[in-house]
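In what follows, a single structure is set out as structure tokens and then discussed.
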Amino acid sequence: MSAGTPKSLASSGQKPIQEICHPLGAEETASVLTPSPDVGNTITSIGGKTTRVEFDLPEYSVRRRYQDFDWLRTKLEDTQPTHLIPPLPEKFVMKGVVDRFSEEFVETRRKALDKFLKRVADHPVLSFNEHFNAFLSAKDLNKRLGLALLSKMGESVKYVTGGYKLRGRPVEFSAMGDYLDMFTQKLGTIDRIAQRIIKEQSEYQVELREYGPVYTTWALSEAELQGPLEGVASCMANCSSALDELTQDMSEDFLPVLREYVLYIESMKIVLKKRDNIQAEYEAKLEAAAFRKEEKASCTQVPTDVEKCHDRVECCNADLKSDWDRWQNNKRQDFRQLLTGMADHNIQYYEKCLAAWESVIPLLRDKQPQETETEED
Amino acid sequence: MLTNNFFSLEISVAEAEKRTGKNTVNMQEIYTVYLIETRPVDALTEGITPDSLWRRYSEFELLRNYLLVTYPFVVVAPLPEKRAEIVWHKLSADNMDPDFVERRRVGLENFLHRVASHPVLCNDNIFNIFLTEVNWKEMVYETGFQAKADSRLKAVNAAFRVKNPDGRFTELKHYSDELQTVLSQLLRVRARVADRLYGVYKVHGNYGRVFSEWSAIEKEMGDGLQSAGHHMDAYAASVDDILEEEEHYADQLKEYLFYTDALRAVCRKHELTQFELEMVALDLACKKQQKEELVTGTVRTFSLKGMTSKLFGQETAEQREAKLQVLEQQLKEGEEAVKEKNTESDEFVKTAWVDIERFKDQKDRDLKEALISYAVMQISMCKKGIQVWTNAKECFNKM
């Protein structure tokens with residue numbers, strides 16, 4: 001059992017994790033976009049439904065700010081130091097670069113926060129964390145916040161910056177680290193490509209917006225050709241707005257999710273580092289004990305604190321492996337969704353353009369478009 | 001090859017080749033020649049080898065100039081560009097570039113077809129000789145057409161000073177100016193659009209590469225990523241064909257852009273004939289006035305006659321009689337000239353307007369077809385896009 005599991009788990013007679021169909025549906029029902037008077041943060045309202053026994057009510061609705069999420073994450077890190085805690089969207093955004101009250105920004109952040117809660121809720125250990133419980137249900141989180149600020153520099157720091165040197169890292173964990181490094185690189189490349197495409201598409205659109213109206217101007221000097229030329233002009237206007245939608249969708253749906261994954265990778269790297277430090281601590285203690293043993297030849301038992309350390313290492317490795325597997329699975333699903341989404345956006349764009357051009361053909365062919373029965377496909 | 005109702009020969013500009021030779025200033029130059037093949041329409045096409053000869057671009061220009069001078073009432077089809085202009089940047093602007101040469105070959109063939117299908121031009125002897133006789137140049141110079149050409153200066157002068165041009169020609173001149181402006185702009189913007197479209201497609205090729213690299217570090221996701229990457233590569237590559245096809249549309253627009261020059265040439269000819277008529281009529285009116293003065297003895301105070309008579313005295317009765325006779329002769333000649341010019345002008349207006357109506361119908365038909373084929377091209381491009389992204393989506397689903 002990992003450290004910090006709430007006591008209620010053992011005593012509440014919970015069903016095993018696998019039998020709860022959806023451990024916690026922490027669904028976002030609505031975002032309340034009201035800036036608070038002093039600092040100007042937006043407040044998110046969370047609607048939760050649960051089948052869990054330890055919660056008092058089956059449904060909740062609470063209002064939370066970004067710093068509440070931040071508090072929760074810190075608490076989770078402190079209380080579950082060996083587990084991978086999902087990341088939050090970036091806390092600080094440069095003023096002037098991004099409009100913190102723009103619809104797109106708030107929506108992007110809302111989606112990221114929603115994802116954070118879902119990932120925690122899906123986790124077999126984290127979902128039972130008492131702080132998570134409080135976050136979802138407590139009416140007034142503020143009282144706890146005061147204490148939380150003080151204890152912010154919690155135990156997790158110790159594990160990350162532990163001053164022990166690691167001797168031999170098991171191969172599988174090294175492989176994980178290597179993979180994460182390469183994966184980060186690939187994501188960076190994909191991000192740059194996506195940005196470049198958006199830029200090229202915007203420039204293409206600028207030219208398109210000039211192209212269509214020239215046909216309209218031409219139509220003015222023509223008689224027989226006037227109808228066809230105006231048809232072509234309006235067709236191009238339709239294609240132009242379809243392109244606009246595609247570019248927006250990619251900016252709003254694709255890029256933020258990609259960037260958020262980089263944060264997810266960072267969280268994973270931190271967990272790997274913590275594991276390294278725990279192992280290093282154990283190795284150091286083991287070495288010290290062995291040294292002492294040599295001096296007191298009579299002592300044959302392994303001292304208890306070394307044994308505890310050993311347990312901790314084993315525990316950590318096991319937690320990490322299961323978290324890693326889960327992370328890989330999530331990654332696979334998330335990217336499948338992300339990339340099929342990108343494909344869908346592009347398909348929709350082309351379908352809109354296709355419809356526009358197909359509707360122009362009868363106009364170009366005959367004088368009375370209503371007379372055509374079928375168009376060639 | 002194109003067959004037509006008026007002309008007895010099938011014409012094609014089949015090939016293009018590079019030649020080297022000495023030019024007029026005795027310097028080495030490289031130039032392109034085009035193979036013209038002709039074959040009688042009636043003859044069974046199987047097994048009959050066509051007659052052929054090689055012509056340079058400058059020879060086509062000579063032919064066209066001859067036609068312009070000899071048939072000033074005809075809207076003569078234009079030649080393709082001498083040099084590549086208004087191209088999007090990936091397309092070479094080099095005259096020796098094989099794609100440019102190919103498009104020019106097509107343009108020259110189109111020119112010959114236009115002439116061959118023209119009700120008046122197709123019967124021209126020099127045109128037929130151009131297609132069939134190697135030494136055509138001697139014969140075209142023998143026609144002396146170059147001497148008949150109106151000087152540009154004369155035409156411009158007439159355009160400014162003509163008093164009563166036919167309103168339809170004035171309108172036509174405005175139309176051709178407007179069409180020239182709008183088509184130039186359209187071609188320029190289209191070239192820029194093509195540039196941008198190229199950029200969008202090509203960047204997607206980078207996805208191909210990164211998906212391939214990424215698939216190497218994945219286990220279950222690897223296959224899906226790898227094949228999706230291939231589709232991205234195919235997508236990026238598809239833009240080359242798309243833009244090559246679109247170039248054909250640009251060429252069709254260019255032909256009509258250059259046609260505006262031919263339209264303006266006909267309008268100028270009308271202005272010139274009308275101007276000459278007006279001049280001759282003015283001269284006649286002047287002579288009539290002079291006769292009247294002589295007969296009635298009235299002299300306008302501020303005329304040269306008035307001045308000279310004040311300085312040198314009145315003329316004798318015999319002198320006056322002699323002058324009158326000369327004037328009568330001149331009047332008769334003048335009236336003949338006016339009649340002639342009138343007929344000439346009317347003939348010109350009539351024949352020119354017939355050809356202009358023919359041209360308008362041709363233009364409407366051709367440009368409608370061009371727009372339809374452009375729309376068809378766009379539809380094909382959209383369908384290809386849907387196909388590629390659907391394929392990619394399937395691969396992503398397998399990840």
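Source: prediction; values computed, not measured. The analysis underlying the following values was restricted to heavy atoms, covering all of them including side chains, and did not include hydrogens, waters or symmetry mates. A note on names: the letters A, B, ... follow the listed sequences, proteins ahead of strands, and every chain is numbered from 1.
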Establish, yes or no, whether the cationic atom of B:Arg114 lies under 6.0 Å from the six-membered ring centre of B:Phe359 and within 45° of the ring axis.
no

So is B:Arg190 actually on top of A:Tyr211's ring, under 6.0 Å and inside 45° of the axis?
no

Is it true that [X] and [Y] have a side-chain N and a carboxylate O under 4.0 angstrom from each other?
X        : Y        : value
A:Asp334 : A:Lys115 : yes
B:Asp261 : B:Arg264 : yes
B:Asp240 : B:Lys202 : yes

Contacts with chain B made by residues 185-204 of chain A (heavy-atom distance under 4.5 Å), listed by residue number
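Checking residues 185-204 of chain A against chain B gives A:Lys186, A:Thr189, A:Ile190, A:Ile193, A:Ala194, A:Arg196, A:Ile197, A:Glu200, A:Gln201, A:Glu203, A:Tyr204.
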
Minimum-distance pair of heavy atoms, taken over all atoms of [X] and [Y]:
X        : Y        : result
B:Glu218 : B:Met221 : OE1-SD, 3.8 Å
A:Gly231 : A:Leu363 : CA-CD2, 3.5 Å
B:Arg192 : A:Glu210 : NH2-OE1, 3.0 Å

Verdict with supporting geometry, B:Asn110 and B:Glu255, side chain to side chain donor-acceptor pair (under 3.5 Å):
CA-CA 10 Å; B:Asn110 184 55; B:Glu255 192 196 10; 2.9 Å; yes

Is atom CG of A:Asp181 surrounded by more than 12 heavy atoms (other residues, nucleotides or ligands) closer than 6.0 Å?
yes

So, B:Ser212 side chain and B:Gly208 main chain: donor-acceptor pair closer than 3.5 Å or not?
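Absent.
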
Quick one: of [options], who has the most non-hydrogen atom pairs under 4.5 Å with chain B?
options                                : value
A:Leu208, A:Val232, A:Asp344, A:Thr217 : A:Asp344
A:Gln205, A:Arg332, A:Gln348           : A:Arg332
A:Val360, A:Leu225, A:Val206, A:Leu229 : A:Leu225
A:Asp178, A:Thr340, A:Leu338           : A:Thr340

Mind running side chain to side chain donor-acceptor pair (under 3.5 Å) on B:Asp166 and B:His270 for me, showing each step along the way?
CA-CA 8 Å; B:Asp166 185 312; B:His270 163 73; 5.5 Å; no

For the interface with chain A, which of B:Asn206, B:Leu367, B:Leu197 has the highest count of heavy-atom pairs at distances below 4.5 Å?
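So the answer, after comparing B:Asn206, B:Leu367, B:Leu197, is B:Leu197.
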
Could you tell me which of B:Phe211, B:Tyr374, B:Tyr175, B:Tyr207 has the largest number of non-hydrogen atom pairs under 4.5 Å with chain A?
B:Tyr207

Strictly less than 4.5 Å between heavy atoms, which residues of residues 387-397 of chain B line up against chain A? Please order them by number.
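The residues closer than 4.5 Å to chain A, in numerical order, are B:Trp389, B:Thr390, B:Lys393, B:Phe396, B:Asn397.
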
Measure distances from A:Tyr349 to the heavy atoms of chain B and classify the residue's part below 4.5 Å as side chain, backbone, both or neither.
neither

Would you check, one step at a time, whether the test side-chain contact (heavy atoms from CB on, under 4.5 Å) holds for A:Leu354 with A:Trp357?
CA-CA 5 Å; A:Leu354 180 66; A:Trp357 283 106; 5.9 Å; no

